[in-house]
*Asks:* 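Here's a structure for you.
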Amino acid sequence: MTAVDGFVARHSEKRRLVYTRDLLINLVVRNFRARYTDSMLGLVWAVVNPLTQLLTFYFLFQVVLSLGVRRYSSFVFIGIVVWGWFAASLNDSIRTLKNNREVVEQPGFPALALPFVTVATSMVDFLIALPIIVAIIVFEGYALHPTLIALPVVMAVQFAFTLGLAYIVAGVNAAFQDTQHIIGVGLRLYFFLTPIFYALDTIPERYRPLFDLNPMTHVVEAYRAILMHGTMPEWIPLLVVALLSLVGISIGTRIYRWARFRYLEEL
């Protein structure tokens, strides 16, 4: 390859990366606008929904049946917002191929971008709710700590873990329609197996290994360590989740590509 050929190749690669970046941004903006376009309150719903859940859990588990969790408002709100990002991403990914038929059919369109966009769109809701978490923490009389610098790392781990599952869910549902119903039931069960509204130390010791095997347990607890306690998260469990996420993305993209080709053949 000559110097000119190398320059042309690098320039083409750079243009492709810029195109992909701009495409992802535009798709996220489109999805986010579509989510709230027909709503009177618009973006307010990104905060109203988790706040409603917070009030419900607070009344049930602090007023009616106290779980004895200190700073329960920030404790449960962090769990709700983190879970909301995860669950919304999977629910929205289920029909990714069918809901984006017009772009999936286009030659050269990076179909792998669609689940990525879905996860990124739900992450925007998380970012909108993040200042509310900070406000609650300050209202409870506590200050934020420099450990906030670790927050993007935890977010990246959650993004990767969710993305891997999103690819799998979207791909499998394109071939087996019952997947969307299974995911609905599975997410409800998974919610109660994740320490969203209860603390890990309230779980009997004989059941703790079950919760330790849950990747979302470590993700939620990492957010709480950074935001509530001003400490660094436990890095070893997060590293395991990160490695598991890479495996999930690798398997998920293969399933998704297979499902896309199968879907196109049926059109």
Side-chain angles (χ1 to χ4, degrees), residues 44-90 122-159 161-162 187-205 207-238 240-241:
V44 176
W45 285 115
V47 177
V48 169
N49 287 328
L51 280 177
T52 303
Q53 294 181 65
L54 166 61
L55 293 175
T56 302
F57 285 129
Y58 189 91
F59 175 73
L60 288 176
F61 300 115
Q62 283 294 96
V63 178
V64 179
L65 300 169
S66 178
L67 294 180
V69 179
R70 293 180 61 251
R71 303 167 60 191
Y72 192 71
S73 295
S74 55
F75 176 90
V76 75
F77 195 67
I78 290 171
I80 289 171
V81 171
V82 172
W83 178 263
W85 174 12
F86 173 75
S89 297
L90 295 190
S122 297
M123 183 183 71
V124 176
D125 284 339
F126 172 84
L127 293 174
I128 292 173
L130 196 56
I132 308 299
I133 296 176
V134 173
I136 293 174
I137 292 172
V138 173
F139 180 78
E140 290 177 333
Y142 292 85
L144 299 176
H145 295 79
T147 52
L148 280 175
I149 61 173
L151 195 60
V153 177
V154 180
M155 291 178 61
V157 171
Q158 181 179 355
F159 193 103
F161 176 67
T162 307
L187 282 175
R188 283 192 289 273
L189 294 175
Y190 197 18
F191 174 82
F192 289 103
L193 289 175
T194 305
I196 305 299
F197 61 89
Y198 57 85
L200 272 177
D201 55 16
T202 63
I203 299 171
E205 195 63 33
Y207 298 121
R208 279 294 296 272
L210 174 64
F211 290 84
D212 289 337
L213 290 173
N214 177 2
M216 283 301 292
T217 293
H218 305 295
V219 171
V220 172
E221 289 300 304
Y223 282 109
R224 286 176 177 150
I226 294 170
L227 293 168
M228 288 184 63
H229 308 303
T231 60
M232 286 294 182
E234 296 185 18
W235 293 114
I236 298 300
L238 274 183
V240 173
V241 175

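In this chain, numbering begins with 1 at the start of the sequence shown.
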*Asks:* So, do M216 and I196 sit near enough that their side-chain heavy atoms are less than 4.5 Å apart?
*Replies:*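 When only atoms from C-beta onward are counted, I196 and M216 do not touch, as no gap falls below 4.5 Å.
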
*Asks:* L130 versus L151: any side-chain heavy-atom pair under 4.5 Å?
*Replies:* yes

*Asks:* Does F77 form a side chain to side chain contact (heavy atoms under 4.5 Å, CB included) with F57? I'd like the steps, not just the answer.
*Replies:* CA-CA 9 Å; F77 195 67; F57 285 129; over 6 Å; no

*Asks:* Return each pair, listed once, that meets side-chain hydrogen bond (donor to acceptor under 3.5 Å, both in side chains) where at least one residue sits in residues 211-223; pairs must be two or more places apart or across chains.
*Replies:* Q158-Y223, Y190-N214, T194-N214, N214-T217, E221-R224

*Asks:* Can you tell if the side chain of I203 reaches within under 4.5 Å of the side chain of L200, non-hydrogen atoms only?
*Replies:* yes

*Asks:* Taking atom CD1 of I80 and atom CZ of F75, what is their separation to the nearest 0.5 Å?
*Replies:* 10.5 Å

*Asks:* Verify side chain to side chain contact (heavy atoms under 4.5 Å, CB included) between F86 and V82, making sure each step is shown before the conclusion.
*Replies:* CA-CA 7 Å; F86 173 75; V82 172; 5.9 Å; no

*Asks:* Where is the tightest heavy-atom contact between G79 and V220, given as atom of each residue plus distance?
*Replies:* CA-CG1, 4.2 Å

*Asks:* Taking salt bridge (charged side-chain N to carboxylate O under 4.0 Å, His left out) as the definition, give me every residue that meets it alongside E140, ordered by chain and number, with sequence neighbours left out.
*Replies:* R71

*Asks:* Distance check, rounded to the nearest 0.5 Å: L227 atom CG versus I78 atom CD1?
*Replies:*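 So the gap between those two atoms works out to 4.5 Å.
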
*Asks:* Under the side chain to side chain contact (heavy atoms under 4.5 Å, CB included) rule, what do L127 and M155 come out as? Steps first, then yes or no, please.
*Replies:* CA-CA 10 Å; L127 293 174; M155 291 178 61; 3.6 Å; yes

*Asks:* With under 30° as parallel and over 60° as perpendicular, where do the rings of Y72 and Y58 fit, or are they tilted in between?
*Replies:*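 The rings of Y72 and Y58 sit tilted, inter-plane angle from 30° to 60°.
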
*Asks:* What are the two closest non-hydrogen atoms of L60 and V64, and how far apart are they?
*Replies:* O-CB, 3.5 Å

*Asks:* What's the verdict on side chain to side chain contact (heavy atoms under 4.5 Å, CB included) for I133 and V81, showing C-alpha distance, side-chain angles and the deciding distance?
*Replies:* CA-CA 9 Å; I133 296 176; V81 171; 4.2 Å; yes

*Asks:* Less than 4.5 Å apart, any side-chain heavy atom of W83 and any of L187?
*Replies:*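 Yes, side chains in contact.
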
*Asks:* Locate the shortest heavy-atom distance separating V76 from L54; write the atom from each residue and the value.
*Replies:* CG1-CD1, 3.0 Å

*Asks:* On the 0 to 90° scale, with breaks at 30° and 60°, tag the F61-F197 ring pair as parallel, tilted or perpendicular.
*Replies:*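 Aromatic pair F61/F197 classed parallel.
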
*Asks:* Kindly give the heavy-atom pair with the smallest separation between T147 and G230, and that separation in Å.
*Replies:*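 Closest approach of T147 to G230: CG2-O, 3.3 Å.
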
*Asks:* Could you tell me which non-hydrogen atom of I128 sits nearest to which non-hydrogen atom of I132, and how far apart they are?
*Replies:* O-CG1, 4.4 Å

*Asks:* Using every non-hydrogen atom in the two residues, find where S74 and M228 come nearest and quote the distance to one decimal.
*Replies:*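 Here S74 and M228 meet closest at OG-CE, 3.6 Å.
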
*Asks:* Measure the CD1-NE2 distance between I137 and H229 for me, rounded to the nearest 0.5 Å.
*Replies:*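 NE2 of H229 is found 9.5 Å from CD1 of I137.
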
*Asks:* Spell out, as yes or no, whether a donor-acceptor pair under 3.5 Å connects the side chain of Y198 to the backbone of F192.
*Replies:*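 Side chain of Y198 to backbone of F192: a pair is present.
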
